[in-house]
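Have a look at the structure below, then the notes.
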Amino acid sequence: AAKQPLSDVEDGLLAHLNANAEIPDSRSFASSLGVPHKDVEDVIKRLTAFRIVESADITKETWVLTDEAKGYAARGSPEVQLVAAIPPEGASKGALKERLGDVFDIGMKAAAKNKWIGFEKGNKDLVLRKVEDTRDELQEQLRRLENGEVIADKVIDDLKRRKLVTKEKSIWYSLKKGPEFVAKRKTLATDVTREHLKSGDWKDLEFKDYNYGAQGQPIAIGYSQPLLEVREAIQNIFLEMGFSEMPTNMYVESSFWNFDALFQPQQHPARDSHDTFFLKAPATTTQLPDDYLEKVKQVHQSGGHGSKGYGYDWKRDEAEKNLLRTHTTAVSTRMLYKLAQEKTFAPKRYYSIDRVFRNEAVDRTHLAEFHQIEG
């Protein structure tokens with residue numbers, strides 16, 4: 001089917017309806033115009049929207065050729081291709097397979113069944129041709145089916161067995177004149193141009209109605225980063241449960257709040273540079289609460305509150321080292337200390353969600369930073 005402008009297809013369809021009042025089968029009509037049915041379908045949908053034509057669906061299941069069958073319809077059946085490739089003196093199986101490719105095995109079976117070929121006595125590799133002329137019934141059947149002709153059920157069964165046809169649901173249309181039918185559709189204007197104003201023909205133009213419900217052009221905007229979306233969802237869960245967010249904006253923390261206030265001993269492996277990022281400048285802090293620092297020191301060295309302690313010489317120099325916090329629990333230790341300073345204690349609900357840092361080997365599943373949640 002040749003490609004024609006849709007305007008020509010539309011003109012042809014309207015002219016036919018004007019002369020004949022109806023089109024019983026859009027598929028046959030497309031064939032008569034020599035255009036793909038899809039083009040006629042597009043025109044029908046457009047004219048139906050303007051109520052120029054009325055259409056009714058016709059649904060039918062039809063047998064269509066597979067890709068393999070389309071090749072046979074164009075070049076011939078495997079058995080005929082095989083016989084045609086055999087010279088009078090015969091040919092070896094290897095030579096025929098190299099020439100015919102994928103159709104060789106299928107052609108050999110079908111040609112042998114039809115008794116079109118034989119083999120030299122004592123040499124099963126040499127294929128001989130036993131007939132001069134062959135009628136390609138398979139190619140004829142496939143071409144008839146391709147052209148929409150009715151094929152006998154027995155033939156269809158044979159084609160199905162060879163997996164050369166498949167059933168497909170087809171939809172086409174019957175057409176008649178609509179309430180707004182015109183033999184030639186007038187194109188509605190969408191804008192008043194400078195040329196219209198100069199010539200004065202704007203007075204005679206018919207304009208397309210405004211569609212006030214139409215969507216405007218999408219606005220180019222930014223989008224939330226996926227990690228921030230997840231973070232916000234988790235924050236909302238805590239807030240709905242009555243939690244308040246702790247301040248987590250101090251990525252740089254002292255070893256005291258990150259480790260010592262959590263009663264992690266100073267010789268613990270996690271406090272090694274292999275696991276933790278220590279700062280070079282400023283390497284230490286002096287802004288630690290002396291009263292609380294002394295209490296923490298005593299628990300580390302000799303215990304208290306039911307603990308025996310670790311029994312080692314706790315060093316303030318180690319506690320003053322600055323680092324990138326390894327967990328958000330450093331924020332919790334600060335918050336607990338702050339709550340302990342209030343004169344009257346009242347139960348509170350706190351949560352935090354933010355970045356922490358570990359001296360990890362970076363690969364496709366690990367980074368040196370990640371997010372931690374706690375409440």
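Since we're looking at a predicted model, the values are computed, not measured.
By the 6.0 Å contact criterion, CZ on R316 is enclosed, its count of non-hydrogen atoms from other residues, nucleotides or ligands being greater than 12. Atom NZ of K348 sits in a crowded spot, with more than 12 heavy atoms from other residues, nucleotides or ligands closer than 6.0 Å. The number of heavy atoms from other shown groups lying within 6.0 Å of CD (E374) is above 12. Within a 6.0 Å radius of NZ in K97, other residues, nucleotides and ligands contribute 12 heavy atoms or fewer. Summarising the local packing, CD of Q287 is surrounded by 12 or fewer heavy atoms from other residues, nucleotides or ligands at distances under 6.0 Å.
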Take Y312 and Q266 through the test side chain to side chain contact (heavy atoms under 4.5 Å, CB included) and record every step on the way to the result.
-> CA-CA 9 Å; Y312 71 98; Q266 292 185 335; 3.5 Å; yes
What's the verdict on side chain to side chain donor-acceptor pair (under 3.5 Å) for T326 and N258, showing C-alpha distance, side-chain angles and the deciding distance?
-> CA-CA 7 Å; T326 61; N258 196 82; 2.9 Å; yes
Let me see the working for W314 and D260 under side chain to side chain contact (heavy atoms under 4.5 Å, CB included), right down to the final yes or no.
-> CA-CA 10 Å; W314 186 88; D260 294 280; 2.8 Å; yes
Please lay out, stage by stage, how R334 and E253 fare under the test salt bridge (Lys or Arg N to Asp or Glu O under 4.0 Å).
-> CA-CA 11 Å; R334 283 181 173 273; E253 190 54 271; 3.0 Å; yes
Evaluate side chain to side chain contact (heavy atoms under 4.5 Å, CB included) for R231 paired with H371, printing each intermediate quantity in order.
-> CA-CA 9 Å; R231 175 174 171 156; H371 277 69; 3.4 Å; yes
Going through the distances and angles, do Y337 and W257 end up as a ring-ring contact (aromatic ring centres under 6.0 Å, His included)?
-> CA-CA 10 Å; Y337 174 73; W257 293 114; 5.7 Å; yes
After noting the C-alpha distance and the side-chain angles of V103 and Y72, does the key distance pass the side chain to side chain contact (heavy atoms under 4.5 Å, CB included) rule?
-> CA-CA 10 Å; V103 303; Y72 299 162; 4.0 Å; yes
Just do the side chain to side chain donor-acceptor pair (under 3.5 Å) check on T59 and D57 with the steps written out, would you?
-> CA-CA 6 Å; T59 305; D57 293 359; 5.6 Å; no
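Aromatic pair H268/F259: centroids not less than 6.0 angstrom apart.
Linking Ile, Leu, Val, Met, Phe, Trp and Tyr residues whenever their side-chain heavy atoms come within less than 4.5 Å places L96 and V131 in a single cluster. V331 and I373 are not part of a single hydrophobic cluster, where members link through side-chain heavy atoms under 4.5 Å apart. Taken together through direct or relayed side-chain contacts under 4.5 Å among Ile, Leu, Val, Met, Phe, Trp and Tyr, I52 and L175 form part of one hydrophobic cluster. Linking ILVMFWY side-chain heavy atoms closer than 4.5 Å, directly or via other members, places L6 and V40 in a single hydrophobic cluster. Taking hydrophobic clusters as Ile, Leu, Val, Met, Phe, Trp and Tyr residues chained together by side-chain heavy-atom distances below 4.5 Å, L228 does not share a cluster with V230.
Proximity of K167 to K160: side-chain heavy atoms (C-beta onward) are nowhere separated by under 4.5 Å. Using a 4.5 Å heavy-atom threshold, the side chains of R75 and Q139 count as separate. Side-chain atoms of R271 and S255, non-hydrogen and from C-beta on, do get closer than 4.5 Å to each other. The closest side-chain heavy-atom distance from D158 to L138 is not below 4.5 Å. Taking 4.5 Å as the limit, every side-chain heavy atom of F119 sits out of range of all side-chain heavy atoms of N123. Using a 4.5 Å cut-off on side-chain heavy atoms (C-beta onward), S92 and V127 make no contact. Between I353 and T248 the shortest side-chain heavy-atom distance does not fall below 4.5 Å. Side chains of F181 and L47 form no contact here, defined as non-hydrogen atoms less than 4.5 Å apart.
Salt-bridge check for R46 with E10: passed, with a basic side-chain N closer than 4.0 Å to an acidic carboxylate O. Between E369 and R355 there is a salt bridge, with a side-chain nitrogen of the basic residue lying less than 4.0 Å from a carboxylate oxygen of the acidic one. Salt bridge annotation for R135-E140: present, with a cationic side-chain nitrogen under 4.0 angstrom from a carboxylate oxygen. Salt-bridge check for K295 with D291: failed, with every basic side-chain N at 4.0 Å or more from each acidic carboxylate O.
The one candidate from Y251, F370, F277, F278 that meets the ring-ring contact (aromatic ring centres under 6.0 Å, His included) condition with F357 is Y251.
Side-chain atoms of S77 and D136 include a donor-acceptor pair closer than 3.5 Å. For the residue pair S199/D201, the side-chain donor-acceptor check at 3.5 Å is satisfied. Side-chain polar atoms of D191 and T193 form no donor-acceptor pair below 3.5 angstrom.
Side-chain atoms of Q372 come within 3.5 Å of backbone atoms of T328 as a donor-acceptor pair (strictly under, hydrogens ignored). Of the possible polar contacts, one joining the R143 side chain to the A73 backbone as a donor-acceptor pair under 3.5 Å is found. Looking at D363, its side chain does come within 3.5 Å of a backbone N or O of H366 through a donor-acceptor pair. Listed for the N322 side chain is no donor-acceptor partner under 3.5 Å among the backbone atoms of A281. Under the 3.5 Å distance criterion, the side-chain polar atoms of Q81 are matched with a main-chain donor or acceptor of G76. Of the possible polar contacts, one joining the Q225 side chain to the L227 backbone as a donor-acceptor pair under 3.5 Å is found.
Among all heavy-atom pairs drawn from A111 and V83, the shortest one is CB-CG2, 4.4 Å. Nearest approach of A69 to L142, heavy atoms of both residues: O-CD1, 3.6 Å.
By the 30° and 60° cut-offs, the orientation of the rings of H37 relative to Y173 is parallel.
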